[in-house]
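What follows is one structure encoded as structure tokens, with my remarks underneath.
The model shown is predicted, which means the values in this text are computed figures rather than measured ones. Just so you know, these numbers use all the heavy atoms, side chains as well, and skip hydrogens, waters and symmetry mates.
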Amino acid sequence: QVQLVESGGGLVQAGGSLGLSCAASGRTFSSYAMGWFRQAPGKDREFVASISMSGGTTAYADSVKGRFTISRDNAKNTAYLQMNSLKPEDTAVYYCAQYRTPIASRNTNFVGSWGQGTQVTVSS
């Protein structure tokens, strides 16, 4: 069973940057795709970004493309999400996700494990 622990959330002004980390343990990290999702109050959890097991393929939601960057370090069993040019509409709880397979998806049904979530608040 895998454990995912996020860190790096917080409060930032619009236009600022934050970096999130997701440390994984308990499962062969490099064998699975990783992703980030977010959930704002009163809304469904939505896809933000994903990265293949090797790190060679990434995908982003249209709303964050060009502002967010997902990456991973398989030697450190850690995935990252760098968020730049943040907007108030980026405010949400951000969740790290490990997929059931080496292939990533925008669908939450393909996620095998979730982190506990970290709050990101962007003030205007």
Can you give me the closest heavy-atom contact between [X] and [Y], atom names plus distance?
{"X": "V2", "Y": "A24", "answer": "CG2-CB, 4.4 Å"}
{"X": "A49", "Y": "Y60", "answer": "CB-CD2, 3.6 Å"}
{"X": "R72", "Y": "S52", "answer": "NH1-O, 2.9 Å"}
{"X": "A59", "Y": "R106", "answer": "CB-NH2, 4.3 Å"}
{"X": "A14", "Y": "P88", "answer": "CB-CD, 4.1 Å"}
{"X": "I70", "Y": "M34", "answer": "CD1-O, 4.1 Å"}

From [X] [atom1] over to [Y] [atom2], what is the distance, rounded to the nearest 0.5 angstrom?
{"X": "I51", "Y": "M53", "atom1": "CD1", "atom2": "CE", "result": "12.0 Å"}
{"X": "K87", "Y": "S124", "atom1": "NZ", "atom2": "OG", "result": "14.0 Å"}
{"X": "C96", "Y": "E6", "atom1": "SG", "atom2": "CD", "result": "5.5 Å"}
{"X": "L18", "Y": "L86", "atom1": "CG", "atom2": "CG", "result": "5.5 Å"}
{"X": "D73", "Y": "S30", "atom1": "CG", "atom2": "OG", "result": "11.0 Å"}
{"X": "F110", "Y": "Y99", "atom1": "CZ", "atom2": "OH", "result": "10.0 Å"}

Are side-chain heavy atoms of [X] and [Y] found at a separation under 4.5 Å?
{"X": "L81", "Y": "Y94", "result": "yes"}
{"X": "W36", "Y": "V64", "result": "no"}
{"X": "R38", "Y": "D90", "result": "yes"}
{"X": "Q82", "Y": "L20", "result": "no"}
{"X": "V48", "Y": "Y95", "result": "no"}

Under 3.5 Å, is there a donor-acceptor pair between the S17 and N84 side chains?
yes
Under a 3.5 Å threshold, yes or no: a donor from one side chain and an acceptor from the other, between T91 and E89?
no
For ring pair (Phe, Tyr, Trp, His ring centres under 6.0 Å), just list the numbers for F37 and F47, CA-CA rounded to whole Å, side-chain angles, deciding distance to a tenth of an Å, and then say yes or no.
CA-CA 5 Å; F37 290 73; F47 171 80; 5.7 Å; yes
Expected output: side-chain S31 to main-chain F29 donor-acceptor under 3.5 Å
no
Is there a path from V93 to V111 through hydrophobic residues (I, L, V, M, F, W, Y) whose side chains come within less than 4.5 Å of each other?
yes
Take atom CD of Q3 as the centre, draw a 6.0 Å sphere, and report whether it contains more than 12 heavy atoms from other residues, nucleotides or ligands.
no
Could you go through L4 and Q98, starting from their C-alpha distance and side-chain angles, then the distance that decides it, and tell me whether this counts as side-chain contact (heavy atoms from CB on, under 4.5 Å)?
CA-CA 8 Å; L4 304 174; Q98 185 178 70; 4.1 Å; yes
Test side-chain contact (heavy atoms from CB on, under 4.5 Å) on M83 and V120 and set out the steps.
CA-CA 10 Å; M83 305 182 292; V120 172; 3.9 Å; yes
Between D44 and E46, is the side-chain contact (heavy atoms from CB on, under 4.5 Å) condition met? List the steps.
CA-CA 6 Å; D44 292 336; E46 66 174 4; over 6 Å; no
